[in-house]
Structures are given as structure tokens and as C-alpha cells.
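Handing you this structure, nothing more for now.
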Amino acid sequence: MTVASIPRGTRDFGPDIVRKRNYIIQTIRSTFETYGFEPLETPAMENIETLTGKYGDEGDKLMFKILNNGDIYSKGAQATTNQELINAVSEKALRYDLTIPFARYVAMNRSQLTFPFKRFQIQPVWRADNPQRGRFREFYQCDADVIGSKSLISEMELLSIYSRVFEQLNLQVEIKLNNRKILAGLAELAGIADRMMEMTILLDKLDKIGPEKLHELMLKAAFSNDAIACIEQFLAIKGTNETVLLALKELFKHTEIALRGIDEIETVLKGYQLMQQGDKPNQLAIDLTLARGLNYYTGIIIEVKSAEVAMGSIGGGGRYDDLTGIFGVPDMSGVGISFGLDRIYEVLLELNRFPDTTKNGTKVLFINFGNQAETTALQLVQAIRQETIAAEIYPSNEKIKKQMEYANKKQIPFVVLIGENELQNNQVVIKNMASGEQQTVSIATFIQHIKELFSI
RNA sequence: GUGGGUGUAGCUCAGUUGGUUAGAGCAUCGGUUUGUGGUACCGAGGGUCGAGGGUUCGAGCCCCUUCAUCCACCCCA
């Protein structure tokens with residue numbers, strides 16, 4: 001016998017959970033479609049060389065590799081390093097995110113596509129990470145990307161999508177904004193342009209570890225005193241978006257790349273305000289420490305966190321100027337965002353914000369009395385379904401008690417009883433399971449009664 | 001990969017300095033009720049105490065190993 005279990009970091013989704021997840025997915029999907037994005041799905045697995053090297057060393061480590069079939073032993077036996085072994089026995093890997101597969105798709109189909117191409121994709125991704133709260137090894141991403149346009153209108157629209165989705169989900173969030181060009185400018189100004197990645201990863205830790213600890217880490221990284229002073233001057237910039245922008249312009253007045261980044265943020269902020277007029281927009285805040293790990297971002301970067309629950313980010317994105325270049329298609333600028341479905345689920349659950357409609361299931365259960373009564377019940381259950389009311393008949397003539405228990409456990413709000421007594425009088429009994437009340441109605445008016453119960 | 005916590009009934013957990021036959025609540029099943037669930041009462045089933053080894057007259061409890069799981073770091077959605 002096999003012990004029933006699933007790999008850690010993976011989950012089964014029971015009926016209640018699927019209904020709640022579908023609610024989130026439908027909210028996101030319909031918003032994507034409203035903004036003109038088209039659906040795309042790609043395979044769970046990609047050729048391993050499509051994915052390796054795209055997410056940094058850490059990403060390569062966390063990628064699930066698929067073992068080749070056949071005789072891998074003799075091929076693997078000749079390997080002298082871990083990497084050689086992987087090359088010898090694996091040529092496929094599970095996708096690590098949706099963006100690189102999307103870039104691959106665009107590169108493969110560029111002649112068929114109409115640009116700018118706007119696609120959304122809602123599929124699971126896999127990472128061989130250590131699971132913990134809000135972190136799984138199989139989880140869903142809900143991505144929307146625009147590729148083939150440099151216009152900042154895309155950024156504005158994607159931010160607007162964030163705002164709209166979280167408003168519809170009744171969640172308060174902080175949408176944080178930064179620009180890789182500003183970070184590049186900072187690295188340049190600090191004289192450590194060659195170590196920008198290292199610097200941004202350190203900056204990203206600031207709100208977690210505090211300025212003193214950050215100072216220590218920068219010393220440890222052997223940044224010069226001048227460089228550290230420059231970075232700390234940068235981090236001291238605080239206030240409203242307007243004052244931050246002003247201070248940035250002053251600090252970077254001779255750093256061209258940063259100025260462009262500042263200008264982009266300013267443009268996007270203005271456009272966003274314009275688009276959100278009339279709505280109560282989620283506030284955008286410039287966060288100069290926002291870095292984001294994925295190293296293909298080149299312009300504006302975005303991150304969303306819950307304002308109500310302590311959780312990692314529940315969404316993120318940014319612009320990448322040359323994503324398809326690695327697949328031989330240069331100069332394709334794209335910008336995208338991603339929703340972390342699983343984390344949004346955890347947040348909604350914790351705040352108890354799922355609407356009652358996610359409890360939907362069967363609305364009416366017909367008790368099975370067997371024989372002639374069963375035949376009548378079968379006809380009536382089908383008639384109810386014609387009205388698109390979810391209904392079912394208990395499949396066998398069990399004790400009434402057992403059938404009632406079934407209705408109770410499935411939280412079915414109404415039960416219909418048609419026994420011999422009712423049959424003789426051409427009547428049925430409708431029982432309200434919440435109140436316990438029951439009414440006897442004629443078969444002729446039964447459908448009408450049911451429709452009234454559901455206000456149809 | 002690093003550090004810490006926890007593994008006892010289907011679930012959540014008690015279990016005294018190491019001492020007889022390992023308990024509770026919930027859940028399940030049966031009954032009070034052969035045409036009525038949810039509430040109440042009565043009863044029943046259910047355990048290799050994660051696994052393996054060791055110490056001991058005796059181990060759920062102590063020691064070692066191992067596995068699983070959770071939390072944190074790294075990194076990330």
C-alpha cells in the first residue's frame with residue numbers, strides 16, 4: 001500500500017477552495033479582458049535552455065528539472081560536475097514564471113502576431129523553494145504583459161488594472177513604484193556602476209533590517225565611504241511623491257539616466273491620476289528602495305503589498321526593454337504585471353473578505369423516495385435546472401435522515417420532499433433548511449414557487 | 001543551502017521525576033426518532049505514540065540516527 005501524500009509545498013484544492021480561487025481568478029481575468037488583453041497558455045515544461053540563466057543563479061537552483069526517460073545512467077556516469085550531470089540527464093524544466101515563456105512565444109510567433117501584443121496568462125509555475133507561510137512550490141501567477149510598445153500608457157494601464165482588481169476584491173493595498181534607471185543612476189553617481197545588482201539587492205532589504213544594519217552590510221560589501229554616503233543621501237529622500245521627485249531631480253541633476261527614470265515616473269503618475277478620476281484610486285507611492293529580484297527589468301518597477309495583512313508582495317511587475325533579445329528578436333520592449341493568486345487568497349481568507357456567492361453550490365436537493373416518487377422527482381429536478389438553479393436528486397432511496405444529513409453537510413438551502421402522500425395529492429413539500437419551515441405546494445405551481453425563492 | 005520548533009486517534013491537542021490497560025474535545029458510525037437535517041441525550045469503533053536503533057527491570061517521556069512538517073534567513077508571488 002502507498003501512503004497517500006503530496007509533495008510538500010503543493011496543495012489539493014477542495015470544492016470550497018476552488019470556488020474561492022475562481023472568484024479571484026474571474027475578477028482578475030475579466031479586468032484583463034476589459035483592458036484589451038488576450039488569453040495565452042503555454043506548456044508546463046519548457047526546454048531547459050529556454051529557462052536557465054534567465055533568473056540569476058538563484059533561479060537556476062530553484063528550477064525543477066525534469067529527468068530524461070531512458071538510459072540516463074550511462075550518460076550521467078561520465079559527468080564530472082553537477083552541471084555536466086544536469087546537462088546529460090535533463091533537457092526539460094518546469095516553468096519558473098510566465099514571462100520568459102511569453103517572451104519565447106513572442107519570439108517564435110512574431111510573424112503572426114499583431115503588435116503591440118497584449119496578453120494575459122493565468123497558470124501555475126513551479127519553484128523548488130523551501131515552503132513557508134505564503135510560499136509554495138507550485139503556485140499560480142496571473143500575468144498581463146504588453147510587448148512591442150515603449151509607450152508609458154502601458155504602465156498607466158497596468159497600474160490602473162492593479163487598482164481596479166484590488167478595489168473589486170475589497171482589499172486595501174500599497175502600490176509601490178520605482179525605476180531601475182534611477183537605481184542605475186545611483187550606482188553611477190556612487191561610482192559603483194558595475195555593482196548595481198548587488199547594490200539594489202542590499203537596498204531592497206532596508207525596510208526589513210533598518211539603516212544601521214544596511215550600513216554594516218554595505219561596509220561588508222566593501223563599498224567605498226563615498227559610495228555609502230551617496231547611497232545614504234539618496235535613501236534620506238522622503239515625503240510625498242512630489243517632494244521626492246523634486247529632491248531626486250536635484251540629486252541627479254547631472255546623471256542623465258536617472259533623470260530619464262524620474263521623468264518616466266512623473267509621467268506615469270500624472271497619467272494614472274488622470275485615468276483614475278472618479279474612482280477612489282489606491283495610492284501609488286514612490287519607493288526608492290524597491291528593487292525586485294528578476295534581473296531583466298530595465299525601467300519602471302512595481303510592487304503591491306497588502307496594507308492590511310503582513311505578507312510578502314501579492315503582485316509585482318515592471319518594464320523590460322529587451323526581453324526577446326535572448327531569443328534572437330531584439331528591440332522588443334515590454335512591460336508586465338503579475339498577481340500572486342495564492343497570496344491574495346491567503347489575505348482574503350485572513351480578512352474574511354470572500355463574498356457569500358463563493359459559497360454557491362447545489363441550491364435544491366430532492367429527497368429520493370424511490371419508485372414512482374423518484375420518477376416525478378427526476379422530472380422536477382430537470383425542470384429546475386432549466387431555470388439554471390443548481391439542483392440534484394439524492395441518487396438512492398436511503399433513509400430520509402441520511403439524505404437530510406447530506407443536504408445539511410453540503411449546506412444546500414432547500415430540500416424538496418415528494419413521498420407517497422404528496423404524490424397522491426399532486427403536491428410537493430419544500431423545506432427551508434436554515435429556518436426549518438416547510439410549505440406544501442402543488443406540482444403545477446412548484447417551479448413558480450422555486451423561482452420566487454431565488455427571486456428569478 | 002543555514003538556523004530553530006513540532007511529530008501521540010480522521011482533526012486539534014493533553015499525557016506529572018521514566019512506572020499498571022495512553023486520554024479529552026471535535027469528527028465518524030449506531031441508537032433515542034421505519035417521512036425530516038442542523039440543537040439535545042445514550043452508546044460504539046478508532047493508536048506500531050513518525051521510523052530505526054540505544055540506555056533501563058521498565059520508554060509516549062532520556063540518548064543517537066533518520067524522515068516528515070512548520071517557522072525564520074537567503075530569495076521570491
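Chain identifiers are assigned alphabetically (A, B, ...) following the order of the sequence lines, protein sequences preceding nucleic acid strands; residue numbering begins at 1 within each chain.
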Atom CD1 of A:I25 to atom P of B:A77: distance rounded to whole Å?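 In whole Å, B:A77 P and A:I25 CD1 are 18 Å from each other.
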Closest heavy-atom pair and its distance - A:L417, A:K431: CD1-CB, 4.2 Å
Tell me: CD of A:E58 to C1' of B:C73, nearest whole Å?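 Computing the A:E58:CD to B:C73:C1' distance gives 12 Å.
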Return the nearest nucleotide to the side chain of A:Q132; candidates are B:C73, B:U36, B:A77.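 The answer is B:C73, which lies nearest to the side chain.
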Residue matched to B:A27 through Watson-Crick or wobble contacts both under 3.5 angstrom: none
Counting side-chain heavy atoms from C-beta on, which of B:G37, B:G35, B:C74 comes nearest to A:N408?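 From the listed options, B:G37 comes nearest.
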In Watson-Crick or G-U wobble terms, both distances under 3.5 Å, what is the partner of B:A77? none
According to the Watson-Crick and G-U wobble definitions, with both distances under 3.5 Å, which nucleotide is paired to B:A40? B:U32
Please tell me which of the listed nucleotides, B:G1, B:G37, B:C75, lies nearest to the side chain of A:N130? B:G1
Is the gap between the ring centers of A:F339 and A:Y162 under 6.0 Å? yes
I'd like to check, for A:F339, whether its ring lies over the base of B:A77 with centroids under 5.5 Å apart and a plane angle smaller than 30°. no
Under 6.0 Å between ring centres, would you say that holds for A:F120 and A:F32?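 Yes; A:F32 has its ring centre under 6.0 Å from that of A:F120.
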Under 4.0 Å, heavy atoms only, any strand: does A:G134 hit a base, just the sugar-phosphate, or nothing? base
Would you kindly compare A:P7 and A:Y140 by the position of their nearest RNA chain B nucleotide and give the one closer to the 5′ end?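 Result of the comparison: A:P7.
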A:I400 has a side chain; which of B:C29, B:U36, B:C76 sits nearest to it?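 Closest nucleotide among those given: B:U36.
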Quickly work out the A:E398 CD to B:G37 P distance and round it to whole Å. 15 Å
For A:E346, which contact category applies under a 4.0 Å heavy-atom criterion: base, sugar-phosphate, or nothing?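 Here A:E346 touches no strand at all.
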Have A:T99 and A:Y320 got a donor and an acceptor in their side chains that come within less than 3.5 Å?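 A:Y320 and A:T99 do not have a side-chain donor-acceptor pair below 3.5 Å.
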Select base, sugar-phosphate, or nothing to describe what A:R343 touches, counting heavy atoms under 4.0 Å on all strands. base
Once you round it to whole Å, what is the distance between P of B:C74 and CZ of A:R127?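 Between P of B:C74 and CZ of A:R127: 17 Å.
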A:Y406 OH to B:G35 P, straight-line distance once rounded to whole Å: 22 Å
So A:S338, base contact, sugar-phosphate only, or nothing? Heavy-atom distance under 4.0 Å.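 The answer is nothing, as A:S338 stays clear of every strand by at least 4.0 Å.
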Could you state the NZ-P distance from A:K205 to B:C76, rounded to the nearest angstrom?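 Checked: the NZ to P distance equals 8 Å.
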Please determine, for the side chain of A:K399, which listed nucleotide (B:G31, B:G38, B:C76) has the closest atom? B:G31
A:M404 side chain: which of B:G35, B:G37, B:A77 is closest? B:G37
So which nucleotide from B:C75, B:U36, B:C71 ends up closest to the side chain of A:D129? B:C75
May I ask you to say what A:K409 touches in the nucleic acid, namely base, sugar-phosphate or nothing, with a heavy-atom cut-off under 4.0 Å? sugar-phosphate
What's the closest nucleotide to the side chain of A:I201 if the choices are B:C75, B:C76, B:U36? B:C75
Which listed nucleotide (B:G37, B:C74, B:A77) is nearest to the side chain of A:F139?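 Of the candidates, B:A77 comes closest.
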Quick check against the 3.5 Å criterion: does A:D143 have a side-chain atom that pairs as donor or acceptor with the backbone of A:G336? no
If you look at every strand shown and take non-hydrogen atoms under 4.0 Å, does A:G56 touch a base, only sugar-phosphate, or nothing? nothing
hbond_proxy A:K401 side chain to B:U36 base (donor-acceptor, 3.5 Å cutoff): no
Side-chain ion pair, A:K363 and A:E387, N-O less than 4.0 Å: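 Looking at A:E387 together with A:K363, the answer is no, because their closest N to O distance does not fall below 4.0 Å.
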Scan every strand shown for a Watson-Crick or G-U wobble partner of B:A68, both distances under 3.5 Å, and answer none if you come up empty.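 Across all strands, the one nucleotide that pairs with B:A68 is B:U6.
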Side chain of A:R133 - closest among B:C71, B:U36, B:C76: B:C71
Given 3.5 Å as the limit, does a donor-acceptor pair link the side chain of A:K54 with the main chain of A:E49, or not?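 Yes.
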With sugar-phosphate meaning primed atoms plus P, OP1 and OP2, does A:Q403 contact a base, only sugar-phosphate, or nothing at under 4.0 Å between heavy atoms?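 The answer is nothing, as A:Q403 stays clear of every strand by at least 4.0 Å.
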